2 protein chains.
Amino acid sequence: MNAVTIKDVALAAGVSSATASRVLSGHSATSAESREKVEAAAKNLGFVPNAQARSLRSTKTDTIALLISDVRNPYFSDLAHAVEQQAHEAGMMTFIGNANEDTQQQDQFLAAMLSRRVDGLLVVPQGLDEDADHPSEMMQRIISSGTPMVFVDRTLPQLEIPSISASSASALDEAIGKLKALGHRHIAFLGGPAHASTARERHRAFDAALVSNGLETDQKLHFAGDFQAASGAQGARWLLAHELRPTAVIIADAPMAIGALTVWREAGIQVGPELSVIAFDEVDAMLMHHPPIATISHDLRAMGRAAVTALQSVMAGSEPEPQEFISQFTARASLAQAPEAAGA
Amino acid sequence: MNAVTIKDVALAAGVSSATASRVLSGHSATSAESREKVEAAAKNLGFVPNAQARSLRSTKTDTIALLISDVRNPYFSDLAHAVEQQAHEAGMMTFIGNANEDTQQQDQFLAAMLSRRVDGLLVVPQGLDEDADHPSEMMQRIISSGTPMVFVDRTLPQLEIPSISASSASALDEAIGKLKALGHRHIAFLGGPAHASTARERHRAFDAALVSNGLETDQKLHFAGDFQAASGAQGARWLLAHELRPTAVIIADAPMAIGALTVWREAGIQVGPELSVIAFDEVDAMLMHHPPIATISHDLRAMGRAAVTALQSVMAGSEPEPQEFISQFTARASLAQAPEAAGA
DNA sequence: TTGTACGCGTTATCAC
DNA sequence: GTGATAACGCGTACAA
C-alpha cells in the first residue's frame with residue numbers, strides 16, 4: 001500500500017515536514033526554492049495526502065453525502081447527478097448512498113457518514129416505520145451532533161429541518177381539469193407509501209384537485225403502492241378488476257408507472273383510447289411509450305442545485321429560506337376522450 | 001458539532017480510554033462491569049467513533065469505492081445496487097461515484113478515494129482519450145500505490161488488472177441466427193463508443209456472429225454511438241435514412257435503445273412487423289414497450305457479487321481467478337418475419 | 001522564511 | 001483485566 005507520507009517528501013526535498021506541508025497546502029509564505037524542491041519530490045514519490053489525517057486536524061472534509069431512497073429509480077439518479085455536479089462546482093465531493101426504501105439501511109449509511117465526519121448531509125428521508133411517530137434514533141443523533149443536514153424531495157414534518165421540496169397542487173389541478181374536460185368521471189390514483197411525505201402530498205393534492213374541479217373524491221379509487229415497479233403492476237391489475245372501471249389513472253412515480261404500463265400492455269389495454277394515463281416524474285421511458293405518457297414533473301436539476309446551496313448556507317451557520325418547486329403538467333397522447341363519452 | 005470523544009466516554013464511565021476503546025471495538029478481554037459502564041456512558045453521551053482517527057491508526061477503513069460511468073444508466077445503477085448489497089454483507093461500506101462517461105471526472109473521484117484511503121476500488125474504467133494509448137496518470141498512480149483494484153464490466157486491455165466482464169459472443173450468435181431464420185439480411189448495429197471495451201467486444205462479436213451465420217459483415221451498417229440516449233436517437237434517424245433499409249437492428253445498451261425507440265415511435269415505425277429490434281441490457285422499460293423488446297443481458301447481481309469477491313481476494317493478497325459471465329439472449333415479440341420475406 | 005513541538009481521536013503495546 | 005503511553009499523518013502556533 002501507499003506508505004509515502006509528507007515526511008518522506010520532506011526528507012527527499014531536504015526540508016522539514018512543516019515546510020513541505022506549507023508548500024503542499026499552498027498556505028503561508030514559502031521560498032520559491034523550497035517550493036520547487038518539495039513539489040518535485042512530491043510528484044516524484046507519487047505523494048497523495050491522507051485526507052483522514054488532514055481532516056482529523058482541520059475538521060473540514062470538503063465532502064457531503066447524499067442519501068437517496070432508491071438508486072434504481074431514475075428520478076433519484078437524476079437528482080444525484082444534479083447534486084453531484086453542483087457540489088463539484090463548489091469544490092466538494094459527493095458520496096452517494098442508497099437507502100433502498102428501507103429505514104435500516106438509511107440509518108446505517110447515516111452512521112457511516114457521521115463517523116466519517118462529512119461536512120453536511122443531503123437526505124431523502126425514509127418515513128417513520130408503521131406505528132413509530134418519532135424519527136429514528138439515528139436521526140436524533142445527527143441532529144444533536146449538529147451536523148448540517150437538509151432534506152430533499154421528501155421531508156419529515158415532525159422535524160424542524162430545512163427542506164427542498166415540490167408542490168404538485170397546481171399541476172394536479174390542471175391535470176384533473178383536463179381529464180374532466182375529456183369526460184372522465186372515475187379517476188384512479190396509484191399512490192406511494194404513506195410514510196413518504198411526497199406520497200402523502202400527492203394524494204392530498206389529488207383529492208383537493210378532484211374537489212376543486214367539482215368531482216367527488218372516493219378512497220375506493222386510491223391504491224396504496226410503494227413507489228416500486230412491482231406495486232405498480234399490482235395497482236394495474238387492481239384497476240382492471242375495479243368495480244367502477246376507472247377510465248383514467250394518475251400514477252405516483254415512474255417505476256410504478258413502468259410496472260403498471262407493462263401489465264396493461266400484456267392485458268392488451270390501449271393506453272389513450274381505453275385508459276388515460278398520467279405519471280409523475282418525466283423520465284425517458286415515458287416518452288418512449290406508445291403513446292407517450294402525460295407527466296407531472298419538476299425541474300430536478302434546479303432542485304439538486306437548490307439543495308446544495310441550502311446545505312451550504314446551513315454549513316455557514318445561517319438559516320436557508322425554505323424553497324418549494326412547482327410541478328409542471330404536460331399533456332400527451334396518453335390522454336383521450338373517456339370511452340363512455342366517446343360512445344355516447 | 002459532535003465533540004464527544006472516547007475520552008469523554010471513559011471519563012463518564014470511570015475507566016481509562018484504553019478500556020473504553022476495548023469495549024467499544026469489542027476487542028480483547030474486558031470485565032462485564034466495565035463493559036456495562038462504558039456502553040451506558042457511550043449511549044448516554046451519544047458517542048460516535050471518529051472513523052478518520054480510527055483508520056489513521058489501523059490503516060483499515062472497511063470501505064470500498066465503486067466508480068460507475070453513468071448513474072443514470074439503469075444498467076449501472078443495478079450494478080451499484082448489487083455491489084452495495086454484497087459489500088454490506090461483508091461488513092464494508094460502499095462509496096458510489098459517477099464518472100459521467102468522462103475521464104476527468106473519473107480521475108477526480110479516484111483521487112478523492114485514494115486520499116481517503118479506501119481499502120479497495122471497483123472501477124468501470126473510462127477508456128483512453130482519443131489518441132492516448134496509455135492509461136491516465138491517475139490510473140498509474142493507483143497502480144503504483146498498490147491500492148487493490150478490480151475492473152468491472154469494462155476493462156483496459158493495456159493494464160494487467162483483474163476484471164469481471166461479460167461475453168456476448170454466444171448470445172449474439174443465437175440472436176443473429178434467429179434474425180436470419182426470420183429472413184433478415186440487412187442487420188444494423190447501433191454501437192457504443194470505441195473507448196469502452198464492452199462496446200468493442202459487442203461490435204466484434206456482432207461481426208463474428210454474422211460470419212458464423214453465413215451473412216456478410218458490412219461496416220456501413222454500423223453506427224457509432226456513445227451509450228447515451230441522444231446518440232440512440234441519432235442512430236435511429238440514421239437507420240431510417242439508410243440506403244440499405246435494414247430490417248433488423250441490435251442496440252448496444254438500454255439508454256440508446258430508449259432514445260432510438262422514441263424516435264421510431266414518433267416516426268410511426270412499427271417495431272416487430274416493420275423493424276425487428278434487439279437491445280442489450282434487460283431493464284424494466286424494455287418489457288413495458290409494445291411490443292416487448294428482445295434482449296441480450298447478463299446476471300448483473302451475480303456480476304456485482306463476483307466483483308466484490310474478487311476485490312476481497314485482491315485485498316487479501318491473492319490473485320483472483322478471472323471471471324467472465326455469459327450473456328443470455330431472450331427472444332420477444334419485437335422480432336418478426338423480415339418485411340421482404342413476408343411480402344414475397 | 002523555516003524548523004520544532006504539539007495536538008487532532010483512536011488503537012496497539014507494554015507493563016502492571 | 002486494566003491503565004499509561006506511543007504512534008498513525010498532518011497542520012499550525014511558536015520560536016528561531
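Quantities reported herein were computed from a predicted structural model and do not represent experimental measurements. Only this structure's heavy atoms are used, side chains among them; waters, hydrogens and symmetry mates stay out. Numbered from 1 within each chain, the chains take letters A, B, ... in sequence-line order.
A donor-acceptor contact under 3.5 angstrom links the side-chain atoms of A:R22 to the base of C:dG3. Evaluation of atom-type donor-acceptor distances gives a pair under 3.5 Å for the side chain of A:R57 against the base of C:dG7. A donor N or O paired with an acceptor N or O is not found under 3.5 Å between the base of C:dG9 and the side-chain atoms of A:R117.
A donor-acceptor contact under 3.5 angstrom links the side chains of A:Q108 and B:H88, judged on distance only.
OP1 or OP2 of C:dT11 has at least one side-chain nitrogen or oxygen of B:R54 nearer than 4.0 Å. Proximity of A:S16 to the phosphate of C:dT4: no side-chain N or O atom is located under 4.0 Å from OP1 or OP2. Of the side-chain N and O atoms in A:S34, one or more sit less than 4.0 angstrom from OP1 or OP2 of C:dT2. Here B:S21 reaches the OP1 or OP2 of C:dT11: one of its side-chain N or O atoms lies under 4.0 Å away. Regarding contacts with the backbone of C:dT2, a side-chain N or O of A:S31 is found under 4.0 angstrom from either OP1 or OP2.
Residue B:L24 contributes atom CG, which lies 15 Å from atom C1' of D:dT2 at whole-angstrom precision. A straight line from CD of B:Q52 to P of C:dT11 spans 13 Å, rounded to a whole angstrom. Rounded to whole Å, atom P of C:dG3 lies 12 Å from atom CG of A:L11. When rounded to the nearest whole Å, the span between CD1 of B:I6 and P of C:dA12 equals 11 Å. Counting to the nearest Å, the C1' atom of D:dA7 and the CG atom of A:N50 are 14 Å from each other. Whole-Å rounding puts the A:D8 CG to D:dC8 P distance at 11 Å. Atom-to-atom, NZ of A:K60 to P of D:dC10 comes out at 18 Å; the value is rounded to the nearest Å. Counting to the nearest Å, the C1' atom of D:dT5 and the NZ atom of B:K7 are 11 Å from each other.
Across C:dT4, C:dG9, D:dC10, the shortest atom-to-atom separation from the side chain of A:F47 is found for D:dC10. Comparing D:dC8, D:dT12, D:dC10 by their closest approach to the side chain of B:L56 singles out D:dC8. Taking the side chain of A:T19 as heavy atoms from C-beta on, and the options D:dG11, D:dT2, C:dG3, the nearest nucleotide is C:dG3.
Nearer the 5' end of DNA chain D, as judged by each residue's closest nucleotide, is the contact made by B:T59, out of A:S17 and B:T59.
Judged by distance alone, the side chain of A:R117 and the main-chain N or O of B:Q52 form no donor-acceptor pair under 3.5 Å. The backbone N or O of A:E324 sits nowhere less than 3.5 Å from a side-chain atom of A:S165 that would complete a donor-acceptor pair.
Under the 4.0 Å criterion applied to side-chain N and carboxylate O atoms, A:E84 and B:R72 are not assigned as salt-bridge partners. Between B:E101 and B:R154, at least one side-chain nitrogen of the basic residue sits less than 4.0 Å from a carboxylate oxygen of the acidic one, meeting the salt-bridge criterion.
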